[in-house]
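Since the structure comes first, as structure tokens, the remarks are kept for the end.
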Amino acid sequence: MIMIEPRTDRLSGRGELEMKLLEDLNPSQVEAVTHVDGPLLVIAGAGTGKTRVITRRIAYMIHEGIAPWNILAITFTKKAAGEMKERVAQLGVATGAWVSTFHSMCVQMLRPFADLVGLRASFTIYDADDQKKLYKQILQGQREFDEKDLSLVMSVISRAKNELVSPSLLEERGENPAFVGIYRAYQAALRKANAMDFDDLLYYVAKLLLENEDYRRHWTDRFRYVLVDEYQDTNHAQYVIVRELAKERGNVCATGDPDQAIYTWRGADIRNILDFEHDFPNAKVVKLERNYRSTKTILRAASEMIRNNTERKERELYTDKVETEPIKLLVCRDDEEEAEHIAAEVLRLQEDGVELRDMAVFYRTNAQSRVFEKVFSGHRIPYVLIGAVGFYERKEVKDILAYLRVLVNDSDNVSLARILNVPPRGIGNTSISRLETWAEAHGTSLLTAVREAETIQGMPARAKQSLREFLSLLDQLRTFTQKPVADLVEATIKNTRYVEMLEASGKPEDMDRIDNLEELQRAAAIYDAANPERGLAGFLEDITLLSDVDKYDENANAVPLMTLHCAKGLEFRVVFLSGLVDGLLPHYNSMETQAEIEEERRLCYVGMTRAKEKLYLTYPLERSFWGASRCSGPSRFLSEIPPDTITPGRRVTRVRRTSRRWNVDGDDEDEADRSGRHPGERGAAGAEPPQTDARARTPSRSRQVSGFSPGERVNHNTFGPGRVVQLEGSGEQAKAIVRFDDGYERKLMLKYANLTKI
DNA sequence: AGCAACCGTGTTTTT
DNA sequence: CACGGTTGCT
């Protein structure tokens, strides 16, 4: 580790380096950078130079004489962490600060102390896929839930862990005993496998910090200054970790933006940022409101829209930029035409000199990426998919990785069960269950059962033979564990004869799988080069903890396609925000409560504020899914954007005759840049979204818009029967509060709720 | 034990 | 539509 240089005194007053660190910062930014001791909350609006403030602040702290290893900076993605490290280094101060995500930080805080939570240092981290397998096994062993409840069970238990609620506590709270039982069984199974899931990483660290004074002391001695980015998206466990690390010295700096809170669905608690001043008394609060990213128009459009959120502190971003190019709205026949429009626009912009990597396409759900892939491929436009089915989640990759995991952690039952018969070697499901039962009965691991297969009653001779061969295969591979990871990966692929299996199948998709395995070898080689010290365990850890954005190479000459969630923290010269349709954004599953709608609105806000120069908003009149075609109206958020910031797209949009009613001007039915009527055209009445075909096509719905009265009994497709408590709003905005017979009150948009009188 | 054909079920968002 | 899981046949 490099030693920190003592403070430079060559110049009087502020040193040369210090001047450089404060160079080009506005007064609020300087305030944030130079406030080193004591709690600090930086409310940093979109594009206000937050990353810059954080990196300068770290550099400034080091320059002030704080040892880098006493600094902990927690970011949202590893990529952000890497960039931050690099930028601090560029500022010319010694590096060595811990810059990490919550999850990888927790791994490092747990490996050396794994015994404190009853595990060994070689523990495996289970991803969603592994978790699911474990849960499935457990669900099979009881009668209260069947596999259809899997996702419910998973989310309830995950939520409990994020709230630091143990099984016993959950029980005390009177939760359904079946949940408690599954929660206990699941934790026991993880423990047996010497494994943790993502939630455990946070849970264990939080618990240890709370309950083990030596542990807390060890880490608070180390981390004397704590910075947390994206604080609005921390959950309770993460909040406790930060609080426990920082409460003694109070040297905590949180940065975030309540308007960009988009993870409440996975337990993030917006109160963490709202209550900061209460949690850390005497906190200094700095607001960054000067936006350096977007044009005036984009900024105004996004700001006006987000103002519709009621649960919000009023704030105003401003910019000195003068460009006023309007936002373009593209109305398209369907999702395919939408992709065609965007592709055409991409090509046009490329001709104008905009690099592909400076544009981005955003959408609400991963499923929407399909059309773009198809259309972009058709036009030979290079693109990169961020997220979706991640490379490391592919079957063939997971299979090979499962071998590696078993070598590191011989208790990893989930991984072992996965590969016992992959490639097929005559060990069928019956034999595997027999082994599992035996392991269960003898209180030992699945691998031990495999080793003892000879003595297990009823094990077919053929299976026994195969298991012997399997064990010797593992032994062969074990000789590679101290060698470079790339060598081990290569040996695994070779010795398992995995490629031979794929070649033999003759299926075209299996050829792609072979490519993927080569890709895996390359990834391992890159890892080896970058991390000569960290070894196999580090490789496996990175793979499970790397986020999708981490894997995105912004230097590639390709248009990135990503969900709005992935877009957070990024910026592009040109942004295409697609699928602006009610039901997609806001999403069907997130429009029942006001809080849900507001989170969707924040998501839209995040998307819009990524754009530096040009913003395109697009919506299809129809979308095909599950084979059928469906109509939906434009997103309600469109009507919240000031009309004078929007102009119809200049591309000619051909509208099918059936959609002719969209052509308000009516004089040229094939020219939809006229039908690209935008929300504001209705003037002050624009609070109501543009007339949608939803009304025209489904008159049954429009009849329901009014016609309910309090006290009336109604039925809802999902929630069943209930009684109307209160009505509010009218027309498109009409809502009803209904007390359902399950005891819960829900606020429903009548337009979508499909309530029927009973 | 392994393979093929069929069925049914599902789309938020992710560390 | 597209995938994964189950069934039933060999």
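So you know, we letter chains A, B, ... as the sequences are listed, proteins then strands, and number each from 1.
For A:Y363 and B:dT13, the OH to P distance is 10 Å, given to the nearest whole Å. The nearest whole Å value for the distance from the CZ atom in A:F198 to the C1' atom in B:dT14 is 8 Å. Rounded to whole Å, the distance from CD1 on A:I386 to P on B:dT14 is 12 Å. Rounded to an integer number of Å, the gap from A:K133 NZ to C:dG5 P is 8 Å. For A:K132 and B:dG10, the NZ to P distance is 11 Å, given to the nearest whole Å. With rounding to whole Å, A:L385 atom CG is found 12 Å from B:dT14 atom P. At whole-Å resolution of the value, CE in A:M501 and P in B:dG2 are 13 Å apart. Atom C1' of nucleotide B:dT15 and atom CG of A:D229 are separated by 15 Å, given to the nearest angstrom.
Looking at residues two or more places apart in sequence or on another chain, you find no ring pair (Phe, Tyr, Trp, His ring centres under 6.0 Å) involving A:Y498. Here A:H587 pairs with nothing under the ring pair (Phe, Tyr, Trp, His ring centres under 6.0 Å) rule; sequence neighbours left out. Shown here are the salt bridge (charged side-chain N to carboxylate O under 4.0 Å, His left out) partners of A:R418, two or more places apart in sequence or in another chain: A:D129, A:D399. Residues forming a ring pair (Phe, Tyr, Trp, His ring centres under 6.0 Å) with A:F123 (at least two apart in sequence, or on another chain): none. Partners of A:Y204 by ring pair (Phe, Tyr, Trp, His ring centres under 6.0 Å), not counting sequence neighbours: none found.
Closest to the A:R370 side chain, of the nucleotides C:dA2, C:dG5, B:dT14, is C:dA2. In the set B:dT14, B:dT13, C:dG5, C:dG5 carries the atom at the smallest distance from any side-chain atom of A:K136. Nearest nucleotide to the side chain of A:T430, out of B:dA1, B:dT15, B:dG2: B:dA1. Here B:dG2 is the nucleotide among B:dT13, B:dT15, B:dG2 with the atom lying nearest to any side-chain atom of A:R462. In this structure, the nucleotide among B:dA1, B:dG2, B:dT14 sitting nearest to the side chain of A:N421 is B:dG2.
A close approach under 4.0 Å does not occur between any side-chain nitrogen or oxygen of A:N589 and OP1 or OP2 of B:dT13. Dashed line: the shortest gap from a side-chain N or O of A:N162 to OP1 or OP2 of B:dT15 is not under 4.0 Å.
Where A:P460 and A:T544 meet DNA chain B, the nucleotide closest to each residue was compared, and A:P460 sits on the side nearer the 5' end. Nearest-nucleotide assignment on DNA chain B puts the 5′-proximal partner with A:H587, out of A:Q131 and A:H587.
Distance check on atom C1': C:dG4 versus B:dT13 gives 22 Å, rounded to whole Å.
Of the charged side-chain nitrogens involved, at least one lies within less than 4.0 Å of a carboxylate oxygen, so that A:D197 and A:K161 count as a salt-bridged pair. For the pair A:E230 and A:K50, the salt-bridge criterion is met [side-chain N within less than 4.0 Å of a carboxylate O]. Under a 4.0 Å N-O distance rule, the pair A:E373/A:R370 does not qualify as a salt bridge.
Taking a centre distance below 5.5 Å and an interplanar angle below 30 degrees as the stacking criterion, A:Y263 does not stack against the six-membered base ring of B:dT13.
Heavy atoms of A:S590 sit under 4.0 angstrom from at least one base atom. When heavy atoms are screened at a 4.0 angstrom cut-off, A:S431 is found touching the sugar-phosphate backbone but no base atom.
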For nucleotides 8-10 of chain C, which of its nitrogen or oxygen atoms have a protein nitrogen or oxygen under 3.5 Å away, and what is each distance?
none

